[in-house]
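Take a look at the structure below.
Residue numbers start from 1 in every chain, and the chains themselves are labelled A, B, ... in the order their sequence lines are given, proteins ahead of strands. Computed from a prediction, not measured in an experiment: that's the story for all the values here. Because only heavy atoms are used, hydrogens play no part in the values below, and waters and symmetry mates are left out as well, while side chains stay in.
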Amino acid sequence: MVEIRLTNTRTRRKELFRPIDAQNVRLYLCGPTVYDRAHLGNARPVVVIDVLVRLLRHAYGTDHVTYVRNFTDVDDKINATALARKEAGAPGTLEELIRERTHETIGWYHADMDALGALRPDHEPRATDYIGEMVLMIETLIKGGHAYARDGHVLFRVRSFADYGQLSGRSVDDMIAGARVEVAPFKEDPMDFVLWKPSDDDLPGWDSPWGRGRPGWHIECSAMSYELLGESFDIHAGGIDLQFPHHENEIAQSCCAHPHGDFARVWLHNEMLQVEGRKMSKSLGNFFTVRDLLDQSIPGEVIRFVLLSTHYRKPMDWTAEKAREAEAVLRRWRGLVAGIDPAPSPAPAVIAALADDLNTAGAIAALHELAGRGDGPGLLAGAQMLGLLTDELGDWITSGPDLSDLAERMTALRAEAKASKDFSAVDALKQSLIAAGVEVRMGPLGVELLPGPDFDAAKLPQ
RNA sequence: GGCGGGUUGGCGGAGAGGUUACGCAGCGGAUUGCAAAUCCGUGAAGACCGGUUCGAUUCCGGUACCCGCCUCCA
């Protein structure tokens, strides 16, 4: 059995991973709020956890891992988008427009994450399908003295949970001293957070004991993970920015509603993705989507490689240079493994790196060594452990335009030139191909033409 | 203000208290009509100041700078 070690945010230590039930290893990843295209930062945890799931399936068996990732489809940004569409004259009720928007966004999300080679989770619950369960959980919290209703709102009573702040290493008093909390007249304590809030007629709402309203953000993950994974499960993952307040609040809700459970044993948090040294964020306006990159002809496999080339617990800067290097490596590797079957099992060095707190960068280094030794089957098996060099992600390598006519012409010209020693015609053709963004490779075996990133069919010689 | 993370060679980026990370770029060579690609070889590092140690880039303390969370965010 592979010994997997993971850094648990809760204990701040790298720990040996021991599943609650080795027959069913359970993992929950906080998924997207489906109001718009996923940006590149959204993709980092998805790709990282995808590798973790592959590793867990390798260690415990394909059918012994349950992976859940939610869709948050109750959210004010979704409402705002739908409302804007309605005001712009779109037909249908607000609820229909919201449903349309979330349905459309989920389709984009699936397409974009598929393009990165991320396996679909076993369950992808939507918050709107679990409103009843959330209401039940809130009622349980009220009965237990952990929540209270005021003016159509229900709030979680932070002071009722002694461990509040343990995950993120802060105390309620410290946070109040920070004085950056919303003070609302209906709160007993400034740190109390919303479980349920009232909806007016312009907002989606569900009937509840506290009137028509909608759930707060945090309760959905508590309710859905309980329904799908139980009161104790193995791993809960997400971006480090979710550590507080989202995950702290999830812990408070879940542990108070299900005092006999542990909720999540291991908390995994990935560091932020940066662009030009700054966090990619909506408020800074420096974010771009996965689709933007794909549309720039950056293959999903290249994006995946770049995301995995930095350890998940470190900030990662996205740069065009990294994408360029990754593409060159993948092109070389794909050439090396073309037509080859993978080795029966991944190289121990690859598994060892991944088992050591998901050291994907170390695993890639191990792949470089396999490639350097010319071990195609080993490289292929190891890379596929990382979700690289898979058939599904390989289209970009062969999907270029058909340049075989030009390659043949070049070959013929070159044969003539070798006899006449006049290479001017060959060089002229080569220059025009380069100008069209084609990489020209001439060797003893013949001529190879590869469309590069700047390829422009309009500039091809006739 | 409170809390957390980081600082490694030209660039990117890991592990390990003592022995080559690895990749890209550079340099030398092989190959090539010339290039490219490929192959072989190679120089180069760990913010700063202390401490522990026979020995620290690696452990501990401090300083500086950078980043993040505390507000929608992965």
Side-chain angles (χ1 to χ4, degrees), chain A residues 9 12 29-33 35 38-49 69 72 75-77 80 165 167-182 191 217 237-248 269-274 277-284 287 305-306 309-317 319 321-322 324-326 328-329 331-332 335-336 349 352-353 356-357 359-369 371-372 374 414 417-424 426-427 430-431 434 438-445 447-448 450 452:
Chain A
T9 306
R12 274 150 249 273
L29 172 64
C30 281
T33 301
Y35 66 101
H39 67 224
L40 187 60
N42 296 118
R44 169 123 101 143
V46 173
V47 169
V48 165
I49 295 307
R69 182 180 66 209
T72 299
D75 177 84
D76 288 345
K77 289 188 290 292
L167 178 73
S168 51
R170 23 186 127 196
S171 73
V172 174
D173 292 325
D174 284 348
M175 286 184 277
I176 291 170
R180 292 179 71 178
V181 285
E182 181 194 357
M191 290 309 295
W217 172 35
I240 187 69
D241 55 335
L242 293 182
Q243 183 187 24
F244 188 90
H246 184 53
H247 290 162
E248 199 73 71
H269 289 111
N270 61 279
E271 254 293 348
M272 296 293 97
L273 180 127
Q274 305 189 337
R278 300 203 75 88
K279 186 182 76 153
M280 171 184 265
S281 77
K282 285 151 205 165
S283 50
L284 286 174
F287 76 97
F305 188 101
V306 172
S309 63
T310 298
H311 187 91
Y312 76 94
R313 290 176 52 78
K314 287 203 172 178
M316 197 208 89
D317 211 3
T319 64
E321 176 64 10
K322 285 182 179 175
R324 193 197 61 73
E325 282 186 19
V329 170
R331 199 179 283 284
R332 187 167 0 112
L336 193 58
D356 180 13
D357 200 21
N359 185 357
T360 50
I364 288 173
L367 296 180
H368 277 296
E369 286 177 29
R414 191 155 163 260
K418 278 186 175 173
S420 68
K421 299 293 175 200
D422 175 7
F423 287 91
S424 55
V426 179
D427 287 338
K430 184 172 118 183
Q431 284 311 315
I434 289 170
V438 178
E439 191 182 323
V440 181
R441 299 182 180 181
M442 280 182 275
L445 298 175
V447 174
E448 203 180 349
L450 295 171

Checklist entry - So which nucleotide from B/rC70, B/rA74, B/rC24 ends up closest to the side chain of A/Pro245? => result B/rC70

Next on the checklist: Tell me whether the side-chain N or O atoms of A/His269 pair up with the base of B/rA74 as donor and acceptor below 3.5 Å, since no angle test is needed here.
Outcome noted: no

Checklist entry - What is the nucleic acid contact for A/Asp427, judged by heavy atoms within less than 4.0 Å: base, sugar-phosphate only, or nothing? => result base

Next on the checklist: Let's test this: given Watson-Crick or G-U wobble pairing with both distances under 3.5 Å, identify the partner of B/rU19.
Outcome noted: none

Checklist entry - For B/rA35, does OP1 or OP2 lie under 4.0 Å from any side-chain N or O of A/Arg441? => result no

Checklist entry - What interatomic distance, in whole Å, is found between C1' of B/rC34 and the corresponding atom of B/rA25? => result 23 Å

Checklist entry - Looking at A/Lys314, does any N or O in its side chain come under 4.0 Å of the phosphate oxygens OP1/OP2 on B/rC67? => result no

Item to check | Between B/rC69 (C1') and A/Met191 (CE): distance, integer Å | outcome: 12 Å

Next on the checklist: Rounding to an integer number of angstrom, what distance separates B/rG41 and B/rG23 when you compare their P atoms?
Outcome noted: 11 Å

Checklist entry - Any side-chain N or O of A/Lys322 less than 4.0 Å from the OP1 or OP2 oxygen of B/rG12? => result no

Checklist outcome for this item: Side-chain atoms of A/Trp217 come closest, of B/rA14, B/rG23, B/rC72, to B/rC72

Checklist entry - Taking the C1' atom of each, how far is B/rG10 from B/rU52, in whole Å? => result 35 Å

Next on the checklist: Tell me whether the side-chain N/O atoms of A/Arg313 come closer than 4.0 Å to OP1 or OP2 in B/rG4.
Outcome noted: no

Checklist outcome for this item: Out of B/rG13, B/rC34, B/rA74, minimum distance to the side chain of A/Ala361 belongs to B/rG13

Checklist entry - Is A/Leu367 touching bases, backbone alone, or none of the nucleic acid, heavy atoms closer than 4.0 Å? => result nothing

Next on the checklist: Heavy atoms only, 4.0 Å cut-off, all strands: where does A/Gly41 land among base, sugar-phosphate and nothing?
Outcome noted: base

Next on the checklist: So A/Asn359, base contact, sugar-phosphate only, or nothing? Heavy-atom distance under 4.0 Å.
Outcome noted: sugar-phosphate

Item to check | Closest nucleotide among B/rC67, B/rC69, B/rG23 to the A/Phe244 side chain | outcome: B/rC69

Next on the checklist: Let's see if you can work this out: which of B/rG33, B/rC22, B/rC67 has an atom nearest to the side-chain heavy atoms of A/Lys418?
Outcome noted: B/rG33

Next on the checklist: When both hydrogen-bonding distances must be under 3.5 Å and the geometry is Watson-Crick or G-U wobble, what is B/rA45 paired with, if anything?
Outcome noted: none

Next on the checklist: Between A/Lys322 and A/Glu325 (salt bridge meaning N to carboxylate O under 4.0 Å), is one present in this structure?
Outcome noted: no

Checklist entry - Is there a side-chain contact between A/Glu271 and A/His311 (heavy atoms, below 4.5 Å)? => result no

Checklist entry - If you look at every strand shown and take non-hydrogen atoms under 4.0 Å, does A/Lys430 touch a base, only sugar-phosphate, or nothing? => result base

Next on the checklist: Suppose we define a pair by two distances each less than 3.5 Å, Watson-Crick or G-U wobble; what does B/rA36 pair with here?
Outcome noted: none

Next on the checklist: Determine whether A/Thr319 and A/Asp317 satisfy the following criterion, side chain to side chain donor-acceptor pair (under 3.5 Å), listing intermediate values before the conclusion.
Outcome noted: CA-CA 6 Å; A/Thr319 64; A/Asp317 211 3; over 6 Å; no

Checklist entry - Is there a Watson-Crick or G-U wobble partner for B/rG4 with both distances under 3.5 Å, and if so, which one is it? => result B/rC67

Checklist entry - B/rU57 and B/rC48: how far apart are their C1' atoms, nearest whole angstrom? => result 13 Å

Checklist entry - When the C1' atoms of B/rG46 and B/rU8 are considered, how many whole Å apart are they? => result 4 Å

Item to check | Between B/rU20 and B/rA14 - C1' atom distance, rounded Å | outcome: 13 Å

Item to check | Candidate nucleotides B/rC22, B/rA14, B/rC24, ranked by approach to the side chain of A/His311 - the nearest | outcome: B/rA14

Checklist entry - Between B/rG13 atom C1' and A/His368 atom NE2, what is the distance in whole Å? => result 10 Å

Checklist entry - What does B/rU57 pair with, Watson-Crick or G-U, if both distances are under 3.5 Å? => result none

Item to check | Atom pair distance, as rounded to whole Å: CZ in A/Arg324 and P in B/rC24 | outcome: 10 Å

Item to check | Candidates B/rA74, B/rG33, B/rC24 - which lies nearest the side chain of A/Asn270 | outcome: B/rA74

Checklist entry - Can any side-chain N or O of A/Arg44 pair as donor or acceptor with the backbone N or O of A/Met272 at less than 3.5 Å? => result yes

Next on the checklist: Could you tell me how far B/rC60 sits from B/rG17 if I compare only their P atoms? Round to whole Å.
Outcome noted: 12 Å

Checklist entry - What is the glycosidic conformation of B/rG46: syn, defined as within 90° of 0, or anti? => result syn

Next on the checklist: Work out how far the P atom of B/rG62 is from that of B/rA21, and round it to whole angstrom.
Outcome noted: 31 Å

Checklist entry - At under 4.0 Å between heavy atoms, what does A/Val46 touch on the DNA or RNA strands: base, sugar-phosphate, or nothing? => result nothing

Checklist entry - Relative to each other, are the rings of A/Phe305 and A/His368 parallel, tilted or perpendicular (30° and 60° limits)? => result perpendicular

Checklist entry - Quick one: are A/Cys30 and A/His247 in side-chain contact, heavy atoms under 4.5 Å? => result yes

Checklist entry - Are OP1 or OP2 of B/rC3 and a side-chain N or O of A/Ser168 less than 4.0 angstrom apart? => result no

Checklist entry - With both distances kept under 3.5 Å, what pairs with B/rA14, Watson-Crick or G-U wobble? => result none

Checklist entry - A/Phe423 side chain: which of B/rC24, B/rG33, B/rC22 is closest? => result B/rG33

